[in-house]
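See structure below.
Keep in mind the model is a prediction, meaning the values are calculated, not measured. Heads up: numbering here begins at 1 and tracks the sequence.
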Amino acid sequence: MGLAVAQMGAVNLADTRAAVVRRLVEMLREAAARQAEFVVFPELALTTFFPRYWMDEAEAVARFFEKSMPNADVQPLFDAARELGVGFYLGYAELTPEGRRYNTAILVDRGANIVGKYRKIHLPGHADHKTEAPFQHLEKKFFEVGDLGFGVWNTEGVNIGMCLCNDRRWPETYRVMSLQSAELIVLGYNTPSLNIHWNEPAHLRTTTHEIVLQASAYQNAVWIGAAAKCGHEDGHHMIGSSMIVAPSGEIVARASGEEDEVIVARIDLDMGRMFREHVFNFARHRSPQHYRLIVERTGAGDPLPTPPVQG
Ligand code: CDT
């Protein structure tokens, strides 16, 4: 399969949806010209990373949420996908007809049909106004926890699972999808270089991003395509390092800058199959009876009673 990851440089507050979609279409065309059949775009790809700004929910909805998909602004991307026969993953802020707000990603097939939807489950940040912080991270204010679980869709003969940004740091995300035979997991992210919660050294933001993608690809025998929105959005810097990671844990393609940039790899789905048949043969080696705490506890608690040690 030809897999492209389309990293985006900054989207500033002043940028219109139409201008952003023109950038996405240009990258879709480049990906198609380089024989990609599927393109991964970032989280909240159509706007700036607006959870960094304090505002009320009504203002956020009016300025940054999509009320339908595709809508008139985004239609050119769907038209280009149909014309080129290229599927894609796209992240955006979703307002449902019932007025609910989610951080959402869609899976679009090569005929430009929306075949899957994911709503972000691990929402980082806070809901209160941190007046001392240089910026906010208001995902817990603007979005509800996703209600669709971690789905996997067979599209174009490949089992594709989706998640979004902070989800990539949690092992459960990948395992739930690999237990549904996911072969490829795609995700978009907006990772600020500064962590407002503690004085995390800037380089660790990229190191931890790499570690989770490489370890998760290996432990779940999946390919991962991860697309950043990065660079300086109105002065707020976010990491790049969009990448494609193999089930061996190796990084096979990586963005080199912090601008719009398409990376492409021919991914061999048989590589995942080999890991799934041997070291990570789930059916042979997993022991879910010993994993009960994973679904019984949310936060860490006391050690469980253990049988007395013999001998
Ligand atoms: N968008 C997103 O989920 N970003 C988070 C930043 C967490 S710091 C509050 C991430 O995990 O990259």
Side-chain angles (χ1 to χ4, degrees), residues 1 3 5 7 40 42-43 89 105 118 120-124 149-152 158-193 195 197-198 200-228 230 238-256 263 265 267-288 290-291 293-295 297-300:
M1 179 191 195
L3 176 67
V5 165
Q7 174 172 284
V40 187
E43 174 190 43
Y89 159 108
Y118 170 71
K120 187 172 180 178
I121 289 174
H122 298 101
L123 295 174
F150 294 104
V152 172
V158 184
N159 292 338
I160 303 180
M162 296 190 278
C163 65
L164 277 159
C165 196
N166 193 260
D167 289 318
R168 76 194 189 285
R169 304 188 191 275
W170 298 87
E172 297 86 351
T173 297
Y174 305 89
R175 187 48 57 94
V176 169
M177 290 192 270
S178 58
L179 283 170
Q180 299 170 75
S181 304
E183 297 170 286
L184 166 65
I185 292 177
V186 290
L187 63 103
Y189 60 99
N190 287 263
T191 298
S193 315
N195 186 335
H197 300 295
W198 69 285
E200 183 176 0
H203 75 276
L204 278 188
R205 301 294 265 173
T206 302
T207 302
T208 55
H209 160 72
E210 286 169 7
I211 285 171
V212 291
L213 294 185
Q214 292 186 259
S216 303
Y218 172 65
Q219 292 176 331
N220 294 282
V222 293
W223 286 88
I224 296 179
C230 58
M238 296 184 296
I239 67 165
S241 292
S242 300
M243 57 180 70
I244 297 173
V245 185
S248 56
E250 293 164 292
I251 298 169
V252 299
R254 178 180 189 136
S256 53
I263 56 173
I267 68 169
D268 175 7
L269 297 167
D270 280 339
M271 186 195 271
R273 211 162 292 143
M274 207 167 62
F275 282 92
R276 272 192 299 279
E277 278 172 18
H278 299 287
V279 62
F280 294 120
N281 185 326
F282 288 173
R284 279 189 70 200
H285 302 304
R286 292 184 77 252
S287 294
H290 295 296
Y291 310 154
L293 280 191
I294 288 175
V295 289
R297 283 189 186 170
T298 305

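A heavy-atom distance below 4.5 Å is found between the side chains of L184 and M1. Annotation: side chain of V245 is in contact with side chain of Q214 (closest heavy-atom distance under 4.5 Å).
Separating the CD atom in Q219 from the OH atom in Y174 is a distance of 10.0 Å, to the nearest 0.5 Å. Rounding to the nearest 0.5 Å places CD1 of I224 at 6.0 Å from CD1 of I185. Once rounded to the nearest 0.5 Å, the distance linking OG1 of T298 with CG of L293 reads 11.0 Å. To the nearest 0.5 angstrom, F150 atom CZ is 11.5 Å from S178 atom OG. With rounding to the nearest 0.5 angstrom, the CD atom of E250 is 14.0 Å from the CD1 atom of I244. Taking OH from Y118 and CE from M177, the interatomic distance works out to 7.0 Å, rounded to the nearest 0.5 Å.
With sequence neighbours left out, the salt bridge (charged side-chain N to carboxylate O under 4.0 Å, His left out) criterion links R254 to E210. The side chain to side chain donor-acceptor pair (under 3.5 Å) search around S256 returns E261, not counting sequence neighbours. Residues passing the side chain to side chain donor-acceptor pair (under 3.5 Å) test with R169, sequence neighbours excluded: T208. With sequence neighbours excluded, the residues that form a salt bridge (charged side-chain N to carboxylate O under 4.0 Å, His left out) with E200 are R205. Looking at residues two or more places apart in sequence or on another chain, you find a side chain to side chain donor-acceptor pair (under 3.5 Å) between H209 and R168, Y189.
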- For V152 and S181, run side-chain contact (heavy atoms from CB on, under 4.5 Å): C-alpha distance rounded to whole Å, both residues' side-chain angles, the deciding distance at 0.1 Å, then the answer. CA-CA 8 Å; V152 172; S181 304; over 6 Å; no

- Task: Let me see the working for N166 and H122 under side chain to side chain donor-acceptor pair (under 3.5 Å), right down to the final yes or no.
- Result: CA-CA 6 Å; N166 193 260; H122 298 101; 5.6 Å; no

- Could you check L187 against C163 for side-chain contact (heavy atoms from CB on, under 4.5 Å), going step by step and ending with a plain yes or no? CA-CA 5 Å; L187 63 103; C163 65; 3.8 Å; yes

- Task: Start with the C-alpha distance between R175 and W170, add both sets of side-chain angles, then the distance that settles side-chain contact (heavy atoms from CB on, under 4.5 Å), and finish with yes or no.
- Result: CA-CA 9 Å; R175 187 48 57 94; W170 298 87; over 6 Å; no

- Task: Go through I160 and V186 one step at a time and tell me if the side-chain contact (heavy atoms from CB on, under 4.5 Å) criterion holds.
- Result: CA-CA 7 Å; I160 303 180; V186 290; 3.9 Å; yes

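Checking side-chain atoms of N220 against main-chain N and O of V222 turns up no donor-acceptor pair under 3.5 Å. Of the possible donor and acceptor atoms, none in the side chain of E183 sits under 3.5 Å from a partner among the backbone N and O of L269. Put simply, the side chain of D167 never gets that close to the backbone of K120: no donor and acceptor are under 3.5 Å apart. Counting only distance, with no hydrogens or angles, the side chain of Y291 and the backbone of R286 share no donor-acceptor pair below 3.5 Å. The main-chain N or O of L213 is never found under 3.5 Å from a side-chain atom of S216 such that the two would form a donor-acceptor pair. Here the side chain of E43 pairs a donor or acceptor atom with the backbone of N190 at under 3.5 angstrom. With hydrogens and angles disregarded, a donor-acceptor distance shorter than 3.5 Å links the side chain of Q7 to the backbone of S242.
Across all their heavy atoms, W223 and V252 have their closest contact at CZ3-CG2, 3.8 Å. Across every non-hydrogen atom of Y89 and L164, the tightest pair is OH-CD2, 3.1 Å. Heavy atoms only, all atoms of each residue included: S241 and T206 are closest at OG-CG2, 3.5 Å. Of all the heavy atoms in A226 and V5, the pair that sits closest is O-CG1, 3.3 Å.
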Side-chain donor-acceptor distances from residues 271-280 under 3.5 Å, at least two apart:
residue, atom, partner, partner atom, Å
R273, NH1, D270, OD1, 2.2
R276, NH1, A221, O, 2.7

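Around atom CZ of R284, no more than 12 heavy atoms belonging to other residues, nucleotides or ligands sit under 6.0 Å away.
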